[in-house]
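Heads up: the structure comes next, in structure tokens.
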Protein chains: 2
Amino acid sequence: MTRPTLADVAAEAGVSVSTASLAFSGAGPIASATRDRVLAAAARLSYAGPNPLGQQLRSGRSGIVGVVVGDRLRRSFRDPVSTQMLDGLAQALSEQNLGLLLVPSEAGEVPPLVQHTAMDAAVVVLANGPDDDVVLALTRRGIPVVSIEGEIGDDPRRPGAATTNVGIDDRGGTALLVRELLGLGHRRFGVVALPYGHDRRLGAPDVDGEVSARYAHTRRRLAGIADAGVVPEVVVETPASLVEHGRSAGHQILSRPDPPTAVVALSDLLASGVVLAARELGLRVPEDVSVAGFDGIDLPWLAPDVLTTVHQPLADKGRLAGEAAVELAAGRPVDEVVLPVDLQPGTTTGPPPRR
Amino acid sequence: MTRPTLADVAAEAGVSVSTASLAFSGAGPIASATRDRVLAAAARLSYAGPNPLGQQLRSGRSGIVGVVVGDRLRRSFRDPVSTQMLDGLAQALSEQNLGLLLVPSEAGEVPPLVQHTAMDAAVVVLANGPDDDVVLALTRRGIPVVSIEGEIGDDPRRPGAATTNVGIDDRGGTALLVRELLGLGHRRFGVVALPYGHDRRLGAPDVDGEVSARYAHTRRRLAGIADAGVVPEVVVETPASLVEHGRSAGHQILSRPDPPTAVVALSDLLASGVVLAARELGLRVPEDVSVAGFDGIDLPWLAPDVLTTVHQPLADKGRLAGEAAVELAAGRPVDEVVLPVDLQPGTTTGPPPRR
DNA sequence: CGCGCGGATCGAATCGATTCGACCCCGTGG
DNA sequence: CCACGGGGTCGAATCGATTCGATCCGCGCG
């Protein structure tokens, strides 16, 4: 009644367990007649191949890479930025025959899966920095960690941990974008920011995010704006990169008396929400207000507008993270990766209105 | 240099391995002083807890549920229907402390992960029926399978396999929708169909999908339309449930001479593409043409239109599939589940234009 | 004072495979 | 004719934990 094991197959074929093993793994010399006998015996017992659990224990490797997606899974899935990246990641891992274990993680919690599941390496999306508890738990277990969109530094609490970062040039990206807007003549800016990563004191505008945001990519993108020499008139932090939050932030900014002439949103979804808000307020884009985003995702439904944005190579980012995980799992160190971004002009930006 | 094992900890603490095991598992009697000594020793060696690989072999369970998403991962991720379902699934599994292994699968291929990775159960999205090779491979390995949006029947090639189906009332759903449109006065219908699941002879309109579609949910939804007594004037099969495909199908249908007065799309994304196409052709919705969809997802960017659709409980579907997987993994049989759907009227349907 | 009971600890078997070294046998070359 | 070599097979150790049954010890009760 119980599933057959290699030993059963060996007995059925009249060979030793070690020989039976060779018949399946192909490592080592074996007469083809013997192999056939073993395989026939296996078929007779409907033995579907070596039990992975046994192989894993023996080899010490599980063939699994954990992918920890910060914040609710629901959100990660709704955001094309995450999904495209995950797609590249999945691709890279499946090419190496590695499994992708999806680990959802509420902010501030260390999921039990992180503590107790077997994995050869982990990719953490949106690590909050060196002190992230999830990263700490993983490295404590000796699991190499790749961070995406975050940054893992050295931490005395985990000496010799194998870690690396994969990211994009966030800072250069927003600087590029803002310089473009400056070139068009804009001087007064509004900013719709991604979450800062502080514990939920949301909505409070805070120009200080540039230095204080806990989420590295938010901080870096804000820093890029400063690099271009711009101090925004208003900064609105949003709870997540979703169209509806962009819309409400857009309303907030554009219904001010004498609103800014350009709104920079730190993601495309937020930016498209701002465009919707502008439309609802009867403002023409870009004649009355310019709107720009970040990410370079496809937004077919925004037609006829095409968002001016900074394009980042999302699938590549995921793929590189996957490859980095593979390398670290094999015990080879991996250098940090910072991917370039480029300006992708659309129809949502133009010269400011003449007053 | 090598990671410490339970034996090392036991030695360090001066107890036997079995006692050390008890200190961690808590199963069986142990003096609290002893437990503390063991834990202290573990801390000294920075032993992070029992190696999952050993536990897994011993228990024969991996704590992992494979989720096979048919077609490219990219597509599954772009579709809110999949992602909301996955979200419910992830939730259910993580409540049971089970890992979710994401297995992308090209149509017609059996991914190596399916063959060789350890899992306690699998959920297959869009199984193509009893003969699906992926399902066959899994059941051959003795892995219980839950099918979502497909249907696994009995197959002589896998006697005694533990399987079940979780789905929705597709057929009743489209029947409901079409009866509503009939009630409004529509008599001439166009249909934008989901893929039939045949091998890529796409684009060829085919009213026969009702009986021939390999993908069960496409077949059932088409059958519901027939149940309502309607024979569409035109049926367009699309390659995937994406806005752009809905748009081109919409153009195809609405630019016919004397087009149908109502277009039923088998998914909301397709339907919203049809709405966009109507807008582009200068047709008013619903005055000139009524459009209806299926799924009941959120489409904020379609504003001011709100799609008339059939709502299905996506997260529940995922959650139930997860729970079914848990049950099957535990060796308990599970009955098929068919979730109810309901009509969700919007602003995109109305009486047909008077001629 | 001795026996019995129960809580704590320990030894050894077990899960299912891989792999190293030993061994056997047969063919070839000296 | 013998020695050597190599292809093929086998036995046993190993990976890291859990668990069953046995042992040991101390305490309470008769």
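Quick note: numbers below take in every heavy atom, side chains included, and nothing from hydrogens, waters or symmetry partners. In what follows, chains carry the letters A, B, and so on, assigned in the order in which the sequence lines appear, proteins first and then strands, with residues in each chain numbered from 1.
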Given atom [atom1] of [X] and atom [atom2] of [N], what is their separation to the nearest angstrom?
X	N	atom1	atom2	value
Leu22(B)	dG11(C)	CG	P	14 Å
Leu45(B)	dG16(D)	CG	C1'	15 Å
Leu6(B)	dT19(D)	CG	P	12 Å
Phe24(B)	dG16(D)	CZ	C1'	13 Å
Arg61(B)	dT14(C)	CZ	P	23 Å
Asp8(A)	dC15(C)	CG	P	10 Å
Leu57(A)	dC15(D)	CG	C1'	4 Å
Asn51(B)	dA17(D)	CG	P	5 Å

Quiz item: Between Ile148(A) and Lys317(A), which heavy-atom pair has the shortest distance, and what is it?
Solution: CG2-CE, 4.0 Å
Quick one: is [X] getting a side-chain N or O under 4.0 Å of the [N] phosphate, OP1 or OP2?
X	N	answer
Ser21(B)	dT18(D)	yes
Thr19(B)	dC10(C)	yes
Tyr47(B)	dG16(D)	no

Quiz item: On a plain distance test, is the side chain of Ser18(A) in donor-acceptor contact with the base of dG11(D) below 3.5 Å?
Solution: yes
Quiz item: When you match Gly49(A) and Ser16(B) each to their closest nucleotide on DNA chain C, which lands nearer the 5' end?
Solution: Ser16(B)
Quiz item: Can you find a heavy atom in the side chain of Tyr215(B) that is under 4.5 Å from one in the side chain of Leu126(B)?
Solution: yes
Exercise. Ignoring hydrogens and angles, state whether a donor on the side chain of Thr19(A) or Ser16(A) is under 3.5 Å from an acceptor on the partner side chain.
Key: yes
Quiz item: Counting distance only, does the side-chain N/O of Asp120(B) pair as donor-acceptor with the main-chain N or O of Gly63(B) below 3.5 Å?
Solution: yes
Quiz item: Arg141(B) side chain to Gln115(B) main-chain N or O, any donor-acceptor pair under 3.5 Å?
Solution: yes
Just to be sure I understand the rule, does [X] reach a base, reach only the sugar-phosphate, or reach nothing, if contact means heavy atoms closer than 4.0 Å?
X	result
Pro29(A)	base
Thr34(B)	sugar-phosphate
Thr5(A)	sugar-phosphate

